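Read through the structure below, which is laid out as structure tokens, and then see the notes.
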Protein chains: 2
Amino acid sequence: MGSETKQGDRPTGGATVWDVAQKAGVSAMTVSRVINGNASVSDKTREKVNKAIQELNYQVNVAARAARIGTLRVGLLYSNPSAAFLSAFLVGALGECSQTGAHLILENCDNLRSQRKAIDRLIADGADGILVPPPLCDSKAALKQLAEMGIPSVAVATAKPSQQMSAVRIDDYEGALTMTKHLLALGHTDIGFIKGDPEHTPAQLRYQAFIDAMREAGHHVPAERVAQGMFTYRSGLLAARELLAQPTRPTAIFASNDDMAAAVIAVAHGLHMQVPDDIAVCGFDDTPVATTVWPELTTIHQPITEMARSAVALLVEHIRARRAGQSYMPQHRLMPFTLVERESTEAHE
Amino acid sequence: MGSETKQGDRPTGGATVWDVAQKAGVSAMTVSRVINGNASVSDKTREKVNKAIQELNYQVNVAARAARIGTLRVGLLYSNPSAAFLSAFLVGALGECSQTGAHLILENCDNLRSQRKAIDRLIADGADGILVPPPLCDSKAALKQLAEMGIPSVAVATAKPSQQMSAVRIDDYEGALTMTKHLLALGHTDIGFIKGDPEHTPAQLRYQAFIDAMREAGHHVPAERVAQGMFTYRSGLLAARELLAQPTRPTAIFASNDDMAAAVIAVAHGLHMQVPDDIAVCGFDDTPVATTVWPELTTIHQPITEMARSAVALLVEHIRARRAGQSYMPQHRLMPFTLVERESTEAHE
DNA sequence: CTGAAAGCGCTTACAG
DNA sequence: CTGAAAGCGCTTACAG
């Protein structure tokens, strides 16, 4: 009936399966079947129902559904995250959850020792599936436990996802390739590189892509042009000093993330070098530090919010399939990245 | 009964109001009354019920409650947030929401022009109340609209909350007082100060506290020791250059937030000054940049996560009261801050 | 392929 | 102060 209660009904309408059923001349049951799309309904019936849904602007009441079906709980295992990553991720995950009517529950797990406990806690809190962002998505132990427990889970932003598990990511290799080609196109041929933490899967791919692109362009990369970093600002400081202490300096430095690139700028300024005139600098990830420092950083943008949204959607699919007793194949989703050109690599002379 | 369904029941138990009612020898209705605490129940009955709840480890099924009562939707109006603030805030808000069974819905509102629309959209999406973090909590227009619509809302981390509205914050004045006294205790008497964006209420209080603490300690603050900043890294760079270009330099600089303090360090290094030996530096807020830069920043920590939790609790109280037709008095909650001492102000000589 | 019935766990009137 | 009944909107068996 959709009577005018002021009790938290969706302000959008308040049409129920019943209203739809009446309008379509079928039973509520059939409407439910159409909504959920899994059972068999004749095409003719389906059409009638969909039409009624449209006309009534019907939207399922997720609360009522949850009361019957059980709440869908999506767990997020976050550990030592960059605030930028976490906030972008949460915005996406939350958006998708409220559309689906799922609840998002968080569990922090700072040191690797507590991983097992954190996962157990998440499950004790009723998580039906788990989202695994970096760096946990690269932890063999965590992945193994998840697999053994058979709980639906999705790795986000790992560079080398397991075949056994759903994943959402960008192509780190292509990203670093694009960035290197950008520097080459600007006329740089002598480029320094700062590697990231070898424990993180993207580090290796980004480095490999840099080397490959340079080789393909016919440029040799001598050992003294490559420094090891750990993805931290601090490690970037050290690596930058090393690269810039050489008798001849590179004309550009590609740091494998923004924090380290920011450190390169700080060191360059300390040496009274102008960026980008004396040295071009670029990063990776497009975190807030990229636009905080001056000059702002050229970098590769990862669509974290979209990736989180996508990961939740995948997870919910998996959970639903599991509840319905159906089997589910892990899916891998590749999202588009973007090269963001800013002042730190402005045209070379 | 708590039969063994695998359908998303709380793994913790599955006891229902019915189970509790039976055990306590009362009706389900009475159990409900005890849980919600608003209606009148005799003390004896209440005790019996509470005992049964404990023994059965009963927890309300928020989904079922939501199906009846309508989902409680908490809206968050975020705009141009620092990622650090947003992620800490979301972690707290989400934690409290999942305990209460409320849904968190997000709405971004980047430019001030779109405020009105963003609030309308939030309400169209069914928000029963709104969380207002900075900088919107200081926007007269937004606050006015919220007040006119009569929608429950809570300002978070504003320095000068309206009496008409609930608010959760720290005492910015006390915080800056504490920081200034810390510098004084380290032996600094000639201290520079970088002010924040005058549009943000905390900026004024932090500056006032600095001046008051200096005066109280018997130290005059000449005009050339104060620079205007805008809370951005960039503005901090300019302000720091101004302060350090003086013929005699201060021995310490108090920047009214961490981004600007980080800029001070960068400028100092550029001038080949050691921090903290040549100049001590401190910030405010304890954002991630405080521990990203080197040396790490002494700063004032705001318990953002706790504040968000508290704000959601306040909002839910208000919404419940409103639904029950009761009046509600706006509440102001003051949370404790902490002085975090790090390397950037280590003991002076 | 489709429907009538019963129920998810809780709460809102309505009685007493 | 307390309870029996009905219902929130949806979905799960059970029939046909």
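Residue numbering restarts at 1 for every chain, and letters A, B, ... go by the order of the sequence lines. Note that the structure is a prediction, hence the values are computed from the model and not measured.
Taking every side-chain heavy atom of A:V17 into account, D:dC10 is the closest of D:dT2, D:dC10, C:dT11.
Nearest-nucleotide assignment on DNA chain D puts the 5′-proximal partner with B:D43, out of B:D43 and B:A67. For B:A64 and B:M29, each mapped to the nucleotide of DNA chain C holding its nearest heavy atom, the one lying further toward the 5' end belongs to B:A64.
Listed by chain and number, the residues in a salt bridge (Lys or Arg N to Asp or Glu O under 4.0 Å) with B:R309 are B:E306 (sequence neighbours excluded). Under the side-chain contact (heavy atoms from CB on, under 4.5 Å) criterion, B:A157 pairs with B:F85, B:P134, B:Q302, B:M307, sequence neighbours left out. Annotation: salt bridge (Lys or Arg N to Asp or Glu O under 4.0 Å) contacts of B:E55 (sequence neighbours excluded): B:K23, B:K51. Every residue two or more places apart in sequence or in another chain was checked for a ring-ring contact (aromatic ring centres under 6.0 Å, His included) with A:Y58, and none qualifies.
Following rounding to the nearest Å, A:R68 (CZ) and D:dA13 (P) show an atom-to-atom distance of 8 Å. Atoms CD (B:Q59) and P (C:dC10) sit 11 Å apart, rounded to a whole Å. Taking atom NZ of A:K48 as the reference point, atom P of C:dT2 lies 8 Å away to the nearest angstrom.
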For this session: Dot-bracket for DNA chain D, please, read 5' to 3', with Watson-Crick or G-U wobble pairs under 3.5 Å on both distances, ( ) within the strand, [ ] crossing, | other strand, . unpaired.
Result: |||.||||||||.|||
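Annotation: salt bridge (charged side-chain N to carboxylate O under 4.0 Å, His left out) contacts involving residues 92-103 of chain A, sequence neighbours excluded, are absent.
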